[in-house]
> 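Could you have a look at this structure, given as structure tokens, before my questions?
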There are 2 protein chains.
Amino acid sequence: MPTPERTSLAAILAAARELLEAGGPAAVTMQAVAARVGVRAPSLYKRVRDRDALLVLVAEATADELAARFAASGSSLADLGRAYRAFAHEHPEGFRLLFAGDAAAERMGLAVQPVLHAAREAVGGEHALDAARLLTAWATGFVSMELAGAFRMGGDIDAAFEYGLERIAAAIGSGR
Amino acid sequence: MPTPERTSLAAILAAARELLEAGGPAAVTMQAVAARVGVRAPSLYKRVRDRDALLVLVAEATADELAARFAASGSSLADLGRAYRAFAHEHPEGFRLLFAGDAAAERMGLAVQPVLHAAREAVGGEHALDAARLLTAWATGFVSMELAGAFRMGGDIDAAFEYGLERIAAAIGSGR
DNA sequence: ACCTGAACACCGTTCAAGT
DNA sequence: ACCTGAACACCGTTCAAGT
């Protein structure tokens, strides 16, 4: 006899993301997620294979949201760089998940497109990939270090980011 | 009545690092560490506060080893960049731990010195910090993305690293 | 002084039984 | 068809008891 669904994958995913940002990966337990969506832990396994799969879904959802943010931001490399950093500040735990595991390429596929486009615009098709990687690697490292508290000595971190952005743009601009 | 010690903090730390590289953070359980040093899990608590503290010790030991590697490598920014990447390839899980949590600055203090020195050499004291951060952020991001499988499209990753190294050096070199 | 078994709380996961 | 309690395996951690 059919029973109405008492939750959904979307609700589970949202609950997991909230718990993640509130308390880090350790806080996203199956029991906590279940409680948040009003169900018992075993029921989650109807929608999600296991906890690891749920975390992968969170990473993918985060990457998709980043892609949407890129689409709504300015389209220069500098604009994209700033949008990337702002996004990381708003979802630090989700951001960390983006480069966990070893399937970053797949889940970042969508988000990478605007960056490649901006790089082509700036430097031409031939070196667009190199340019996109240069900016992306720098921005990813900058934000990772910032989130990890690695910049506690220096003064104005915002200024340091802008300085780097300018330098990277110059490095890219000088063709090759 | 005194009892001879059957293990040591050094042995525990070494066991944790081996388990970490072999199977990721999930593999470093207190039981696995204890088994590896020939003791029962509860005994570990004589030397280590808890599992989190053990992981912090692993991160610190990894940072110290990186500092030693820097000391033994060439002293140009390019040399340090290559040494950094090689180290990350040899200890990918330990490398990931370096920027976990929020105390990266403290544990990286030693390792950062040679980079600051090289930056001062390259660009003078006034902009040394900016230059060091630019290179470090880029290299950190590059390696993180590489380890996360984010570079699966492009061709030669070694060449991409050298290309970036060259570009970053140029960006830094153009004074300010 | 260090080590251990036993115990406790907590978590992930499975599954038979409910509706 | 989905949900649940019960159960199991496993883990972190504490502690009284051993030597």
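Each chain gets a letter, A, B and so on, in the order its sequence line appears, and its residues count up from 1.
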> Not counting sequence neighbours, which residues clear salt bridge (Lys or Arg N to Asp or Glu O under 4.0 Å) with A:Asp50? List them please.
none

> Can you list every pair that meets side chain to side chain donor-acceptor pair (under 3.5 Å) and has a residue in residues 57-70 of chain B, with sequence neighbours left out?
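Residue pairs with at least one partner in residues 57-70 of chain B: B:Arg17-B:Glu65, B:Glu65-B:His91, B:Arg69-B:Glu90.
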
> List in chain and number order the residues that pass salt bridge (Lys or Arg N to Asp or Glu O under 4.0 Å) with A:Arg85, two or more places apart in sequence or in another chain; answer none if no residue qualifies.
A:Glu146, A:Asp158

> Can you sort out the partners of B:Glu106 under salt bridge (Lys or Arg N to Asp or Glu O under 4.0 Å), two or more places apart, ordered by chain and number?
A:Arg152

> Give me the residues of residues 10-40 of chain A where at least one heavy atom lies under 4.0 Å from an atom of DNA chain D, by number, or none.
A:Val39, A:Arg40

> Are B:Arg133 and A:Phe142 in a cation-pi setup, meaning NZ or CZ lies under 6.0 angstrom from the ring centre and within 45 degrees of the ring axis?
no

> Which part of the nucleic acid does B:Ser8 contact within heavy-atom distance under 4.0 Å: base, sugar-phosphate only, or nothing?
nothing

> Could you note down all residue pairs passing side chain to side chain donor-acceptor pair (under 3.5 Å) where residues 135-145 of chain B supplies at least one of them, sequence neighbours left out?
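The answer is B:Tyr84-B:Thr140.
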
> Could you pull out all residues at least two apart from A:Glu5 that satisfy salt bridge (Lys or Arg N to Asp or Glu O under 4.0 Å)?
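A:Glu5: salt bridge (Lys or Arg N to Asp or Glu O under 4.0 Å) contacts with A:Arg47.
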
> Go through DNA chain D and write down every stem, that is, every run of at least three consecutive Watson-Crick or G-U wobble pairs with distances under 3.5 Å, as range with range.
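Stem segments, range with range: C:4-8 with D:12-16, C:12-16 with D:4-8.
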
> Please list, in numerical order, the residues of residues 42-57 of chain B that have a heavy atom closer than 4.0 Å to any atom of DNA chain D.
B:Pro42, B:Tyr45, B:Asp50, B:Arg51

> Would you mind writing out the side-chain donor-acceptor pairs for residues 25-46 of chain B within the sub-3.5 Å range, not counting sequence neighbours?
unit_1	atom_1	unit_2	atom_2	d
B:Thr29	OG1	B:Ala32	N	3.0
B:Arg36	NH1	B:Glu18	OE1	2.2

> Tell me every residue that passes side-chain hydrogen bond (donor to acceptor under 3.5 Å, both in side chains) with B:Glu126, counting only those two or more places apart in sequence or in another chain.
none

> For residues 108-123 of chain A, pull every pair meeting salt bridge (Lys or Arg N to Asp or Glu O under 4.0 Å), keeping only residues two or more places apart or in separate chains.
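Of all non-adjacent pairs touching residues 108-123 of chain A, none passes salt bridge (Lys or Arg N to Asp or Glu O under 4.0 Å).
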
